[in-house]
Every structure is written in C-alpha cells, then in structure tokens.
2 protein chains.
Amino acid sequence: MDNRAKLLEQALYLFAQRGYDAIGVQEIVEQAGVTKPTLYHYFGSKRGLLEVLINERLQPLIDRLAQATSHANDVPASLAAIFQLYFDFAQAEPLLYRMQLAMWFSLPNNEAFQIVAVSSAQQQALLESFFVRASSFHGNMRGRQRVYAATLLGTINTYIGLCLSGAVQASPQIIHQAVQQFSYGIYS
Amino acid sequence: MDNRAKLLEQALYLFAQRGYDAIGVQEIVEQAGVTKPTLYHYFGSKRGLLEVLINERLQPLIDRLAQATSHANDVPASLAAIFQLYFDFAQAEPLLYRMQLAMWFSLPNNEAFQIVAVSSAQQQALLESFFVRASSFHGNMRGRQRVYAATLLGTINTYIGLCLSGAVQASPQIIHQAVQQFSYGIYS
DNA sequence: CTTTCTCTATACCGATAAGTATAGAGAAAG
DNA sequence: CTTTCTCTATACTTATCGGTATAGAGAAAG
C-alpha cells in the first residue's frame, strides 16, 4: 500500500473515531508512518484530504442510488432496493458511514459539514427526483418530495444506527420493517 | 444579565453554530465581553462549561419526559404526549436541541459526546422503562424496549430535524403523522 | 478602618494547531 | 553521465489551543 492510501486509511479511522476537528494533521501522518509534507503533497490541506476521502469512497453509494432511483414504476420495490443498498453500503464501509453521518449532523458552519454536504445534497436530489417520478403514479405525493426524501433518509439512518451500534442485526426482517415503517407515512 | 449567564448564552450560540471542538475558549469569552479567568472561575474548564449548559438547560426535557413515561395504560396517548413534548422543547430551545443532537451523533471518543451521553442515556432509560410497562398491556412488545426506544428517538429527531431546517412547519398534523409512522413499526 | 470574600483583568505558560521552505533521495528519460 | 520529475524528511513558521499565576477592584462583615 502506498503512502497516499495509508494516509486515507488512517485519516478515515481517526476521523471516524474522534471526529474531524479533534484530529490533528500530525497524528494522521504519525499513524500512517509518514511526515507532513507527504500529506500536503497528495492532498494540499487537511480539508483536501477529507474531500478526497468523501468523494472517492462515497461515490459507489451515489452511483447505486442513482440507479435505484432512476425509475419509479414500482414504488414499493424501489424503496426496498434503496433501503437494501444503504444497508449493504453501511455494512461494507461502517467507518465511512459513521463518519459521514456524524459530519452530516455537525453544524452548517463546521468545515466537515460543508464537505459532506455536497454528497448529501446529491443523495437528497436523487431521492427527490425519485419521488417526483413516483408522484406521476401516486398523485397524492405531489409537492412532498423534500419531506419524503428527508424522512426516508432519517428512517434509513435510524435503522443503520441501530445496526452499527450492535443493538440489532441487519436482516431481511429488519429491512422489511424499516421499509414498512417509512411507507406508512407515505400512502396517506 | 451577569457574566455567568452571558458566557452560557454565547457558548451555546457558538457551539450550536460550529461545534464544540471548533470553538476555542478565547472566542467564547470575547463574544461574552469578559476574559478567561472569569470563565474558569465559574466553570473550571471548557468541559465544565458544556456540562453546566447541558445539565441545566436540558433538565426540563428530562423532567417532562419522566412524567410522560411514568404510566403506560394508554400507549397511543402516551406516545402522542412524548412526541408533543419533544417538539415543544425543540421549538422553545432550537439552539440547544441542535447542539445536543450534533453532539449525540459525534463519535464515542469525542469529549462532547461523552457529556451529552449522560442525558441521552437518561432519555433512553426513561423510554425503555415506558416500553417495559407497555409490554404488560401489549405482550408482543416484550424484550424489544431497546429497539423501540432507539427508533422512537430516531423518528422524533427525523421530524424535528425537518422542522428545525424549516422544510416543514411543526403542526398537529406533522406530529400526528410522526406518531403514526412510528406506531406502525410497533403493533406488529 | 480592617479583614475577608467574590469576582475579574493582565500577562503569561507549555503544547499543539495547520502549513511551509529547503533540500535530498531515487527513478525515469535523454 | 546528466537532467528532470516525483516523492519525502528535517526543521521551521506563526497562530492558537486550554489553562493559570498574580494581583487588584469592590462589596460585605466585623
């Protein structure tokens, strides 16, 4: 593994454990076994390091979400696919998902928030466009895309948080329950 | 307003805006128009300041929650009361609620997390005891207190986040929808 | 008038923050 | 053999971090 990859790996581990603000550049390079100029050579700044981390590693989630939200002829099936996709990703990349979640809940004037806000906005936009499409099949959904997208992500994150904390095991039953719980707020 | 109150007010504003780690003691005392020894006289440390902020201002929420969860003969009514209580509190103290929420989603090794974890654990415990009581009326709930408490808080925070961001107005309809959505996952 | 106690300011502490100037090592290209 | 380019280390910068030693101001108590 080259130094660039080592830096990304250690940064993710440390950010996910103690938070972006609480981690110094010095600590990252020490854990990675390199020195500061190496980090600044590859990433330019601490912020640049986080940007690369987010953009590179979160891209697969965005891509799969774009695919799952591209059609809305069968809304329940698409919803199930979306939940499944998030669960899979969170299980494959627990550190990344925890970190991104923590940053998303940090405050708007926080540097880390602004960086994850980009990819969060992409997810939000994809979900909203899905609900816009869905409303051509379910007229009563019209105009509620934003609220639906937000509560969908909220429900997903509630259940993923439950799984990441070990309170429950991710299982088809849990995913089904999450889908059902979200759906209840929709078809009404 | 005395210096102690000024410090608490400014600390809350700054913490809620940019996060605990990102705010230095210097900035707090400057905004409050005092100097560092004053802060250290009243609170002993930056951590102590946050502890007072959390313990003093979040106590009303805990108290009302303790009352609302004390009996479970009418589960739907209690749930509605709990949602209402959280919405009221978040509307009365939006900065405090945002800050506490951000800290709760920060990571376990973070100092701010450890401080809010105390009151979060109290809320969790009260909700769990409520569901234990409720399971004497609804047998199929037995053993699921932890998951119920977590998803209840998750649902509440999803909707409160929606209101705090201005995406929707807090209204009896929204609260009713939140209660219904959560309830769906329960009586099954 | 003196003592005592609470509160606050000036000026400082060592540690660490992010970031950089300079130089050298090593491989690739001519 | 020399030049060039990529990468990395030593050593440094300035600014800020949380926290404090000391002293003084002002009110209360005797």
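In what follows, every chain begins at residue 1, and chains take the letters A, B, ... in the order their sequences are listed.
- Between A:Tyr40 and B:Gly33, the residue anchored nearer the 5' end of DNA chain C, judged by the nucleotide with its closest heavy atom, is B:Gly33.
- Taking atom CD of residue A:Gln26 and atom C1' of nucleotide D:dA9, one finds them 12 Å apart after rounding to whole Å.
- Of the side-chain N and O atoms in B:Tyr42, none sit less than 4.0 angstrom from OP1 or OP2 of C:dT6.
- Considering only residues two or more places apart in sequence or on other chains, A:His138 meets the ring-ring contact (aromatic ring centres under 6.0 Å, His included) condition with A:Tyr187.
- Only B:Ile23, B:Gly24, listed by number, bring a heavy atom of residues 12-24 of chain B to less than 4.0 angstrom from any atom of DNA chain D.
- With B:Thr155 contributing its side chain and B:Thr151 its backbone, the two residues share a donor-acceptor pair below 3.5 Å.
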message: Before you tell me yes or no, could you show the steps for B:Glu30 and B:Lys6 under salt bridge (Lys or Arg N to Asp or Glu O under 4.0 Å), namely the whole-Å CA-CA distance, both residues' side-chain angles and the distance that decides it to 0.1 Å?
response: CA-CA 11 Å; B:Glu30 271 169 19; B:Lys6 275 190 213 158; over 6 Å; no
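- Just one residue in the list B:Val75, B:Leu79, B:Leu152 forms a side-chain contact (heavy atoms from CB on, under 4.5 Å) with B:Ser183, and that residue is B:Leu79.
- One cannot find a donor-acceptor pair under 3.5 Å joining the base of C:dA9 and the side-chain atoms of B:Lys36.
- By the 4.5 Å heavy-atom criterion applied to side chains, B:Leu95 and B:Phe15 are not counted as neighbours.
- An OP1 or OP2 oxygen of C:dA18 is reached within less than 4.0 angstrom by no side-chain nitrogen or oxygen of A:Ser45.
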- prompt: Could you walk me through whether B:Arg144 and B:Glu128 pass the salt bridge (Lys or Arg N to Asp or Glu O under 4.0 Å) check?
  reply: CA-CA 9 Å; B:Arg144 299 193 192 163; B:Glu128 285 186 27; over 6 Å; no
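- Heavy atoms from other residues, nucleotides or ligands lying under 6.0 Å from OH of A:Tyr13 number 12 at most.
- Here C:dG19 presents its C1' atom at 13 Å from CD1 of A:Ile28, a figure rounded to the nearest Å.
- When rounded to the nearest whole Å, the span between CG of B:Leu49 and P of D:dG19 equals 11 Å.
- For A:Leu7 and D:dC7, the CG to C1' distance is 12 Å, given to the nearest whole Å.
- A straight line from CD of A:Glu111 to P of C:dA17 spans 15 Å, rounded to a whole angstrom.
- Distance B:His41 NE2 to D:dG19 C1': 16 Å, rounded to the nearest Å.
- Residues A:Tyr86 and A:Leu153 have side chains in contact (heavy-atom distance under 4.5 Å, counting atoms from C-beta outward).
- Considering all non-hydrogen atoms of both residues, B:Glu56 and B:Leu8 come closest at OE1-CD1, 4.0 Å.
- Listed nucleotides: C:dA9, C:dA17, C:dC7. Nearest to the side chain of B:Pro37: C:dA9.
- When the C1' atoms of four end pairs are superposed on the next four at each end of the helix from C:dC1-D:dG30 to C:dG30-D:dC1, using five pairs per end, the two resulting axes differ in direction by 10°, to 10°.
- When rounded to the nearest whole Å, the span between CZ of B:Arg47 and C1' of D:dG19 equals 16 Å.
- Under the 4.5 Å side-chain criterion, counting only non-hydrogen atoms from C-beta, A:Met99 is in contact with A:Ile54.
- Atom pair A:Phe43:CZ and C:dG19:P shows a separation of 14 Å (rounding to whole Å applied).
- Looking at the side chain of A:Val25, the nearest of the listed nucleotides D:dC7, C:dC7, C:dA18 is C:dA18.
- Listed nucleotides C:dT10, C:dG19, D:dC17 differ in distance to A:Lys46; the shortest reach to its side chain belongs to C:dG19.
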